[in-house]
Amino acid sequence: MTSQYRVRVLSSYIIDDPDAAYAHMGQRNRWVNGFVTSLVRQRSGLREFDLQFQRTPRTQEELVRIVDAWHAEGVQLAICPGTDSAIRLAEVNHRIPMIYFGAHPENNGLELVNQPNVTGIRLNLPLIWSYEDNFALLKELMPNLERVYFALNLDSEFAFPNVRVMYDAFRKQQKGFWIDGKSPYIGYRSVTFLAERAGVRYLEGPYGPITELEQGLREADLHNAALVGFNDTVLNEGAADLLLTFSKTHEVPLFWVNNPSVIERFGVADFSSDFEAVGRVVGKLALDILRDGKPINEIPIQEDPGARRTLNLKRARALGLDVSTATRNKFTEVIE
Amino acid sequence: MSDSAIAIREKIIDSVRKVEPKLESVRISEGTSLSELNMDSLRLIELGVMVEDNFGQGVSFDEWIEQERARTDNAYTLESLVNFVFKATRS
């Protein structure tokens, strides 16, 4: 057999607990399906690959050891689902080509692709990418919505340095957990504009230890409120479960971005990139590099190929939300 | 088995062997289960793509997997897949 392409997938989203709501997010979002489909359609296949999946380790020291091992094995390509893993890997890997797919809210962290061995697909975070067909759906599902709470994990790479500066300054003021959208210390002002257009108040809650998130949730005014989570929260052990449990216990609608498997439990709706389409792009880029010899530094960052919105109609109805047919039709998938 | 079903069977076996070259010399019969062939989840995905590409949009490999998941015995056999594809291509 001709030698295989040695490829490693490094992901923070390989979860130990098989019963966790997000344990199978890779399977659920089908990026791997897209990747394999792309290989087949380009007349390649898994038989040409030595493809292994590894969980991103907690420390950079462990990551250095992994990269050293990859060099020893002759690994030719790394694939990173998620900006967090990509940023961490790029810090210690300057030679092995890397393809990642991940979000860069308000373009934070995009300098990553200036590194010559890195390219990727920039994911849009659909809920906060645009108003019509995305953020506006929160108000369509909850006409009485008055405030949205976004929890943000300080222990992930999504707490970009410039955003963290604002959070640190806010904390020094000791004005509570939640940062109001109109505050000069808000991390993501674009979300404030979306919220204002919807006529709702936006509150951002950066947390470190899970106890901070617990405290923050206790401070929230839950009347006509919604919670929103992102996958940085999945990276904090227990935090996603906390939001799910809180949502269930207090009957506060929970929305998510880029993780329909969370929504299948007790969430109302998820706003995702079309990860199967993302996987197809990753497959094409992988063969461009490995088979066709295209230098990775000639491959520009790719745009998000599309979105998928998932509605958990059962949960919505359990919360007393009256979902019109028109609103329902705006979702790619409806779970009944 | 009809000629059409035989042709479907041969195409599926051919796809299985393309996905997993180690199975080149392994006898695959109607009763063989995909799980016996030690095909991992990634290779099942690839087989699914090849089956759908070979037999057209009316065939949903995911639907077959869901059907088999509900079985209590004799799940994921070649015979079941052949029958599934045969019915899907005739509807």
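Just so we're on the same page: letters track the sequence lines, and every chain starts at 1. The figures that follow rest on heavy atoms only: side chains count, while hydrogens, waters and symmetry mates do not.
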> Between Glu46(B) and Asn33(A), does a side-chain contact (heavy atoms from CB on, under 4.5 Å) hold up when you go through it step by step?
Replying inline: CA-CA 8 Å; Glu46(B) 187 172 4; Asn33(A) 295 62; over 6 Å; no
Would the number of heavy atoms belonging to other residues, nucleotides or ligands and lying under 6.0 Å from [atom1] of [X] be above 12?
| X | atom1 | value |
| --- | --- | --- |
| Glu237(A) | CD | no |
| Arg90(B) | CZ | yes |
| Gln52(A) | CD | yes |
| Lys330(A) | NZ | yes |

> By a 4.5 Å heavy-atom criterion (distance strictly below it), what part of Leu51(A) contacts chain B: side chain, backbone, both, or neither?
Replying inline: side chain
Testing the basics here: between [X] and [Y], what is the closest heavy-atom pair and its distance to 0.1 Å?
| X | Y | result |
| --- | --- | --- |
| Val40(A) | Met50(B) | CG1-CG, 4.0 Å |
| Val19(B) | Arg47(A) | O-CB, 4.3 Å |
| Arg43(B) | Leu46(A) | NH2-O, 3.7 Å |

> Distance from Asp53(B) atom CG to Arg41(A) atom CZ, nearest 0.5 Å?
Replying inline: 4.0 Å
>> How long is the straight-line distance from CZ of Phe35(A) back to CG of Leu42(B), given to the nearest 0.5 Å?
In response: 9.0 Å
> Which bit of Asp62(B) is near chain A, if near means a heavy-atom gap under 4.5 Å: side chain, backbone, both or neither?
Replying inline: side chain
